[in-house]
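Please read the structure below before turning to the comments.
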Amino acid sequence: MSRIPRNSVAVIGGGGNVGAAIAFSLIAKSVPAEVLIVDVAEKAAKGQALDISDASFMMPGTCRQATFQEAGKSDVIIITAGARQQPGEPRSNLIDRNYKIMKSIMDSLKPIKSTAKILVVSNPVDVLTDIAQKVSGLPREQVIGSGTYLDSGRLRNALSNITGVSPT
């Protein structure tokens with residue numbers, strides 16, 4: 001039986017901490033897909049892909065470094081790339097920098113598979129999700145933002161620390 005899955009999930013920004021964590025989570029959760037790590041920092045992407053691939057030997061998924069063009073042919077495209085938010089900096093300050101990054105990513109992915117689903121994790125997530133949808137040309141229902149999911153988790157953890165009650 002071949003270990004190479006038919007479905008693919010591309011993680012754009014996979015050389016960074018968030019992207020690598022998402023890619024590893026996909027493998028660790030036994031998602032039966034080829035996970036493609038793409039990053040402008042090619043050495044970081046290659047290193048993450050090799051590490052995750054080494055850890056995937058008992059899993060149904062595989063992991064490798066890929067190009068933006070390969071990622072555009074994926075079933076799911078997760079975008080974690082973007083300018084880093086500085087301590088105390090409002091997320092709204094990231095809009096100009098991350099607009100340019102998002103537009104560059106979308107242009108580099110083209111042609112994007114018409115049935116692809118895009119999940120935007122980069123901040124400010126709502127604005128960048130709208131930009132990704134417009135630039136990709138995909139229908140609105142195929143481009144999703146992670147929304148406040150992470151913020152909700154942070155709130156649960158903060159409340160847990162204050163109250164001594166498990167965040168679950």
Side-chain angles (χ1 to χ4, degrees), residues 5 7-41 44-45 47-63 71 74-103 105-106 116-136 138-168:
N7 297 319
S8 62
V9 178
V11 181
I12 311 299
N17 293 333
V18 174
I22 288 172
F24 179 75
S25 295
L26 291 167
I27 294 296
K29 289 284 190 178
S30 296
V31 173
E34 180 179 42
V35 178
L36 306 177
I37 302 222
V38 180
D39 204 302
V40 292
Q48 294 291 2
L50 288 171
D51 287 345
I52 294 168
S53 180
D54 287 345
S56 73
F57 68 94
M58 298 275 300
M59 304 299 176
T62 61
C63 183
S74 294
D75 300 294
V76 177
I77 302 167
I78 302 171
I79 301 173
T80 68
R84 285 194 162 86
Q85 185 176 358
Q86 301 302 314
E89 179 183 27
R91 287 186 180 161
S92 59
N93 284 7
L94 298 173
I95 293 173
D96 287 340
R97 290 179 285 167
N98 281 343
Y99 169 81
K100 293 173 188 163
I101 293 169
M102 183 62 71
K103 181 154 181 3
I105 288 169
M106 289 295 123
K117 309 297 186 281
I118 296 177
L119 173 61
V120 178
V121 178
S122 307
N123 282 312
V125 70
D126 295 339
V127 173
L128 292 178
T129 301
D130 188 59
I131 292 166
Q133 187 274 318
K134 288 176 178 158
V135 177
S136 72
L138 294 176
R140 294 184 77 76
E141 60 272 9
Q142 287 178 228
V143 183
I144 304 159
S146 62
T148 60
Y149 186 76
L150 180 58
D151 291 329
S152 297
R154 288 177 176 148
L155 175 62
R156 290 171 72 116
N157 286 332
L159 291 174
S160 173
N161 289 335
I162 292 167
T163 64
V165 176
S166 170
T168 60

| query | Taking all atoms of both residues into account, what is the closest heavy-atom pair of Val9 and Ala33, and its distance? | reply | CG2-CB, 4.0 Å
| query | Any side-chain heavy-atom pair from Ile22 and Val121 closer than 4.5 angstrom? | reply | yes
| field | Interatomic distance, Gln85 atom CD to Ser92 atom OG [nearest 0.5 angstrom] | value | 9.0 Å
| query | What distance do Leu36 atom CG and Ile78 atom CD1 have between them, rounded to the nearest 0.5 Å? | reply | 10.5 Å
| query | Which heavy-atom pair separates Ala116 from Ile77 by the least distance, and what is that distance? | reply | CB-CD1, 4.3 Å
| query | Any sub-3.5 Å donor-acceptor pair from Gln133's side-chain atoms to Leu138's backbone N or O? | reply | yes
| query | Is the closest side-chain heavy-atom distance between Leu159 and Val165 below 4.5 Å? | reply | no
| Over all atoms of both residues, closest heavy-atom pair of Val38 and Ala45 | C-CB, 4.5 Å
| query | CE/Met58 to OG/Ser56 distance, rounded to the nearest 0.5 angstrom? | reply | 11.0 Å
| Spacing of OG1 belonging to Thr80 relative to CG belonging to Leu119, to within rounding of 0.5 Å | 10.0 Å
| task | Report yes or no: does Asn98 contribute a side-chain atom to a donor-acceptor pair with the main-chain N or O of Asn123 at less than 3.5 Å? | result | yes
| field | For Val35 against Ala23, the heavy-atom pair lying closest together | value | CG1-CB, 3.8 Å
| Distance in Å, Asp51 CG paired with Cys63 SG, rounded so as to fall on 0.5 Å steps | 9.5 Å
| field | Crowding at CZ, Arg97 (>12 non-hydrogen neighbours, <6.0 Å) | value | yes
| field | Evaluation steps, side-chain contact (heavy atoms from CB on, under 4.5 Å), between Met106 and Ile131 | value | CA-CA 9 Å; Met106 289 295 123; Ile131 292 166; over 6 Å; no
| task | Tell me, with the steps shown, if Ile79 and Ile105 meet side-chain contact (heavy atoms from CB on, under 4.5 Å). | result | CA-CA 9 Å; Ile79 301 173; Ile105 288 169; 4.0 Å; yes
| Heavy-atom pair with the smallest gap, counting every atom of Ala28 and Met59 | O-CE, 4.3 Å
| If we only count heavy atoms from C-beta on, is the Asp130 to Val127 side-chain gap below 4.5 Å? | no
| task | Indicate yes or no: at least one non-hydrogen side-chain atom of Val11 is less than 4.5 angstrom from one of Gln48. | result | no
| field | Heavy-atom closest pair, residues Pro124 and Leu94 | value | CD-CB, 3.9 Å
| Gln86 vs Asn93, side-chain contact (heavy atoms from CB on, under 4.5 Å): CA-CA, chis, key distance, verdict | CA-CA 10 Å; Gln86 301 302 314; Asn93 284 7; over 6 Å; no
| task | Using a cut-off of 6.0 Å, state whether more than 12 heavy atoms not belonging to Asn17 lie near its atom CG. | result | no
| said: Are Asn7 and Pro32 packed together at the side-chain level, in the sense that at least one heavy-atom pair is separated by less than 4.5 angstrom? | reply: no
| Nearest 0.5 Å, what's the OG-CD distance between Ser74 and Glu34? | 8.0 Å
| message | Test your reading of the model: is there a side-chain donor-acceptor pair from Ser160 to the backbone of Arg156, 3.5 Å cut-off? | response | no
